[in-house]
Student: 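The structure follows.
Bear in mind the structure is a predicted one, so any value in this text is a computation, not a measurement. By convention in this document, chain letters (A, B, ...) are assigned in the order of the sequence lines, proteins followed by strands, and residues within each chain are numbered from 1.
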Number of protein chains: 2
Amino acid sequence: MNTTPQPGEEVAARAANSRLVRDFGLLIKSATRLEQRIDGELRQECGISHTMLEVLIRLCRRPGEEVSQRHLADDLTLTSSGTTRLLDRMEEAGLVRRIPSPADRRVTLVETTPHGGEVFLRAAAVHARLVERYFVAPLTTDDYGRLTAALGRIETALRDDA
Amino acid sequence: MNTTPQPGEEVAARAANSRLVRDFGLLIKSATRLEQRIDGELRQECGISHTMLEVLIRLCRRPGEEVSQRHLADDLTLTSSGTTRLLDRMEEAGLVRRIPSPADRRVTLVETTPHGGEVFLRAAAVHARLVERYFVAPLTTDDYGRLTAALGRIETALRDDA
DNA sequence: AGTCAGTCATTGACATAGCAATTGCTGAGT
DNA sequence: ACTCAGCAATTGCTATGTCAATGACTGACT
């Protein structure tokens, strides 16, 4: 309880109150809360995590296309070890299957099981409902377009830099 | 490798290719990547996580104000157990101190140590530089304002509902 | 053909956070 | 004054993901 702040602390207080810092915090927080809400709902109603649904989305997007673990890892922004363990859980739950690639014996391809397909159908419906409710409904069409455009530009800046 | 998709899979493929789903994914992904970039940089240059910086920001925002663990938990969207352990680590690192509240013996107040204050100053500078670079620079002033307005509306929808 | 730098997947050790149960304490209703 | 519903913080157990090291394999360069 320092009732007479030191000089350094005033600088700190200014930085802490900066508009940019709070706006950035809002972005992170909104995304996190949306994520948590959707994850919780999916677990409750469909028994899978949001990450798992993302995997199923990739696998079902273009049926018949080969998808490797590496491909999934890049797409989900996970490390390859994280992907390994995620798929371990999904395989154990009977949602996906691992198939050694015939073309390259290092790579493992992933495909959905029939059960995975069923779960995906239900989960995709739940997901769509939630996205509609918390992501689309609160925004005007204009806001919506500009929001995604702005996010796209942030993504580009990140990618260009790395 | 199913080269002749079943009927259900076509429905799934449509859902997976939905515009909304992908736009939503972009929001989550942008936020996550920004978060990871900032977290990594802070760890490297200042030895603290982004979450820890968020704690320090709360503690330094209005010096002299009492901040309880519960208050921090709500603010950071953490559970109280998560907050306990986060503060364990921060206390061990000498960044903060726990003080039993004189007014209510259930609550524990948290304040920064001098060392915590120093780290905060450096970390806040790094943070500001990164926020500027990846969050502000890629956007026009207009985009920036609309982005935060849109996010605010999403936050409101989430809060009203819960 | 033989080497070897680079890639994919896996594993072990660890970090972070959630949930449920527990303890200590408070304040409101009787 | 007494009880009791409820809150703050902590702890054990679990879930999820990272990093570093490893093994298996590939493809390009001598």
Side-chain angles (χ1 to χ4, degrees), chain A residues 28-29 31-33 35-44 46-55 66-93 95-111, chain B residues 28-29 31-33 35-44 47-55 66-93 95-111 162:
Chain A
I28 301 297
K29 219 155 156 181
T32 301
R33 276 221 259 267
E35 168 67 26
Q36 286 176 345
R37 179 77 53 114
I38 284 178
D39 192 62
E41 205 89 21
L42 282 171
R43 277 174 203 280
Q44 282 249 297
C46 312
I48 65 171
S49 67
H50 184 206
T51 311
M52 290 181 181
L53 174 57
E54 290 293 332
V55 170
E66 293 196 343
V67 178
S68 69
Q69 291 193 195
R70 171 111 302 278
H71 187 94
L72 281 175
D74 290 345
D75 224 36
L76 301 177
T77 330
L78 282 181
T79 61
S80 50
S81 68
T83 308
T84 292
R85 290 192 234 262
L86 170 61
L87 291 173
D88 287 347
R89 297 191 295 273
M90 292 184 73
E91 206 169 23
E92 179 147 24
L95 297 166
V96 300
R97 220 182 346 243
R98 278 190 243 235
I99 314 279
S101 163
D104 184 335
R105 276 191 291 173
R106 286 169 304 179
V107 344
T108 309
L109 303 176
V110 185
E111 63 178 40
Chain B
I28 300 297
K29 217 156 157 180
T32 301
R33 276 220 258 266
E35 168 66 27
Q36 286 176 343
R37 179 76 53 114
I38 284 178
D39 192 62
E41 205 90 20
L42 282 172
R43 278 174 202 280
Q44 281 249 297
I48 66 171
S49 66
H50 183 205
T51 311
M52 289 182 182
L53 173 57
E54 290 294 332
V55 170
E66 294 197 343
V67 179
S68 69
Q69 291 191 198
R70 171 111 302 276
H71 188 94
L72 281 174
D74 290 345
D75 226 35
L76 302 178
T77 329
L78 284 180
T79 60
S80 49
S81 70
T83 307
T84 291
R85 290 190 239 259
L86 171 60
L87 292 173
D88 286 348
R89 298 190 294 274
M90 293 185 72
E91 205 168 23
E92 179 147 23
L95 297 166
V96 301
R97 219 183 344 244
R98 278 190 243 235
I99 313 279
S101 164
D104 185 334
R105 274 192 289 174
R106 285 170 305 180
V107 345
T108 307
L109 303 175
V110 185
E111 62 178 41

Student: Does any non-hydrogen side-chain atom of A/Q36 lie less than 4.5 Å from one of B/T77?
Tutor: yes
Student: What are the two closest non-hydrogen atoms of B/D39 and B/H50, and how far apart are they?
Tutor: OD1-N, 2.7 Å
Student: Looking only at non-hydrogen atoms, find the nearest pair between B/A31 and A/I28 and report the distance.
Tutor: O-CD1, 3.6 Å
Student: How about B/M52 and B/L86: do any of their side-chain heavy atoms sit closer than 4.5 Å?
Tutor: yes
Student: Between which nucleotides of DNA chain C, read 5' to 3', does contact with chain A run, using atoms under 4.0 Å from its heavy atoms?
Tutor: C/dG6 to C/dA13
Student: Let me spell it out: for each of B/D104 and A/D104, pick the nucleotide of DNA chain D with the closest heavy atom. Which residue's pick is nearer the 5' end?
Tutor: B/D104
Student: Check B/Q69 against B/T83 and note the closest heavy-atom contact, atom names and distance.
Tutor: O-CG2, 3.8 Å
Student: Taking side chain as C-beta onward, heavy atoms only, is A/S80 less than 4.5 Å from A/R70?
Tutor: yes
Student: Using a 4.0 Å heavy-atom cut-off to protein, can you give one letter per nucleotide of nucleotides 14-24 of chain D, 5' to 3': B if the base is in contact, S if only the sugar-phosphate is, - if neither?
Tutor: --SSBBB---B
Student: Applying side chain to side chain contact (heavy atoms under 4.5 Å, CB included), name anything that partners A/S101, two or more places apart in sequence or on another chain.
Tutor: A/A103, A/D104, A/V107, A/L109
Student: Using atom types as modelled and distance alone, determine if a side-chain donor or acceptor of B/E91 lies under 3.5 Å from a backbone N or O of B/R98.
Tutor: yes
